[in-house]
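Everything on this sheet refers to the single structure shown next.
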There are 2 protein chains.
Amino acid sequence: MEQRITIIGLGVFDLTVSNKFYKEKFGWKLLDSSNENISFFQLNGILLSLYPREKLAEDATVSPKGKGFKGFTLAYNTRNKEEVDSLFEDFLNKGVKIVKPPGEVFWGGYSGYIADPDENLWEIAFNPFLPLDGQGNATEVT
Amino acid sequence: MEQRITIIGLGVFDLTVSNKFYKEKFGWKLLDSSNENISFFQLNGILLSLYPREKLAEDATVSPKGKGFKGFTLAYNTRNKEEVDSLFEDFLNKGVKIVKPPGEVFWGGYSGYIADPDENLWEIAFNPFLPLDGQGNATEVT
């Protein structure tokens with residue numbers, strides 16, 4: 001099994017609302033392969049997929065019941081600290097739910113959290129110890 | 001905001017157990033930057049991070065309470081159908097929890113689901129409509 005992933009799938013309550021969030025708040029563009037049942041966003045080598053929560057559970061043959069903390073976060077790292085502040089200013093202006101305003105964190109970085117319409121947590125962070133390449137990929141040499 | 005992601009962070013019940021799962025069942029190698037508090041796996045341009053669930057919630061300043069379906073899945077796409085079967089045979093031999101045995105699916109692919117020790121769902125799929133490049137990246141032209 002290669003050390004890679006292909007798709008992050010988020011089960012959403014309302015596909016239209018979530019599409020709007022990622023398009024308008026993040027400024028991301030939907031792939032043409034998206035349709036009224038499922039959405040795809042091309043990220044760096046992987047796809048972000050949005051799919052109705054009940055149907056996602058059904059596809060995996062598990063119960064759709066669940067609540068509270070989902071036990072996962074997605075992180076978007078910036079190239080400098082100022083970019084974090086700038087993104088939060090933009091989120092604030094656009095009415096995005098700020099979960100944790102940005103600030104210095106114990107591990108030496110600068111980060112904050114926002115939530116999407118399904119309370120999926122996005123950490124927006126600058127990590128001076130994790131350089132990004134020109135395409136924005138995180139590639140740490142072991 | 002660029003259309004990319006840096007880290008998928010999973011909040012785990014027991015870091016040692018989860019490390020063992022990803023190392024032994026997936027055959028993945030930990031990055032040297034991992035320590036007793038946090039684990040990192042280098043994926044294709046992004047990192048998978050494992051962190052204690054309570055601490056992940058604390059970092060995001062949210063309640064750690066939550067149960068049931070987490071509303072997200074991670075997908076590992078293969079280059080052909082046979083590879084899906086081969087991976088499931090391996091998972092079965094290694095005692096990985098099979099959530100949904102592989103089979104043909106309505107959208108024209110072939111897929112199944114397994115769960116990690118925290119019930120994080122991994123879909124193992126062959127999607128004939130989503131070609132992977134030499135490095136295993138999914139890059140769909142819009």
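None of these values were measured; they are calculated from a predicted model.
- Your options are A/S111, A/S63, A/A60, A/S49, and the one with the most heavy-atom pairs under 4.5 Å with chain B is A/A60.
- Interface remark: A/I38 contributes no atoms to any contact with chain B (heavy atom separation under 4.5 Å).
- In this structure, chain A has a heavy atom under 4.5 Å from the side chain of B/L121, while its backbone stays farther away.
- Residues A/F13 and A/E119 form no side-chain contact, since every pair of their non-hydrogen atoms from C-beta on lies 4.5 Å or further apart.
- The minimum heavy-atom distance between B/E123 and B/W107, with the atom names listed, is OE2-CZ2, 4.0 Å.
- Note that the CG atom of B/L74 and the CG atom of B/N120 stand 7.0 Å from one another [nearest 0.5 Å].
- Residue contact with chain A, scored on non-hydrogen atoms closer than 4.5 Å, involves the side chain of B/Y113 exclusively.
- B/I124 touches chain A through its side chain: at least one heavy atom from C-beta onward sits under 4.5 Å away, while N, CA, C and O do not.
- With a threshold of 4.5 angstrom between heavy atoms, B/Q135 approaches chain A through N, CA, C or O but not through any side-chain atom.
- Taking the six-membered ring where the residue is Trp, B/Y22 and B/F41 present tilted rings, their angle falling between 30° and 60°.
- Heavy-atom distances place no part of A/N127 under 4.5 Å from chain B, backbone and side chain included.
- A donor-acceptor contact shorter than 3.5 Å links the side chain of A/R4 to the backbone of B/N77.
- Annotation: residues 90-101 of chain A contacts chain B through A/F91, A/V99, A/K100 [non-hydrogen atoms, separation under 4.5 Å].
- No option in A/T139, A/N44, A/N137, A/I5 other than A/I5 meets the side chain to side chain contact (heavy atoms under 4.5 Å, CB included) test with B/N44.
- For the pair B/L56 and A/F69, the minimum side-chain heavy-atom distance is below 4.5 Å.
- Taking all atoms of both residues into account, the shortest heavy-atom contact from B/K70 to B/D118 is NZ-O, 2.7 Å.
- Contact tally against chain B (heavy-atom pairs below 4.5 Å) for A/S86, A/G112, A/A57: the top residue is A/A57.
- Across B/N19 and B/S39, no two heavy atoms sit closer than the pair OD1-OG, 2.5 Å.
- Contacts of B/L87 with chain A are made by side-chain atoms alone, with heavy-atom separations under 4.5 Å and no backbone atom involved.
- Among A/T73, A/V62, A/T61, the residue making the largest number of heavy-atom pairs under 4.5 Å with chain B is A/T73.
- Of the two parts of B/D133, neither the backbone nor the side chain holds a non-hydrogen atom closer than 4.5 Å to a non-hydrogen atom of chain A.
- Both the backbone and the side chain of B/Q3 come within contact range of chain A, each with at least one heavy atom under 4.5 Å from a heavy atom of that chain.
- Counting only heavy atoms from C-beta outward, the side chains of B/K67 and A/K67 approach each other to under 4.5 Å.
- Ranked by heavy-atom pairs shorter than 4.5 Å toward chain A, the options B/G66, B/A138, B/S33 are led by B/A138.
- Looking at B/F129, neither its backbone nor its side chain comes within 4.5 Å of chain A, counting heavy atoms on both sides.
- Here B/K81 pairs with B/E104 in a salt bridge; the nearest charged N to carboxylate O distance falls below 4.0 Å.
- Counting heavy-atom pairs closer than 4.5 Å to chain B, the top residue among A/A125, A/G45, A/A115 is A/G45.
- Taking 4.5 Å as the limit, some side-chain heavy atom of A/T6 sits within range of a side-chain heavy atom of B/L130.
- The aromatic rings of A/F26 and A/F21 sit tilted relative to each other, their planes meeting at an angle between 30° and 60°.
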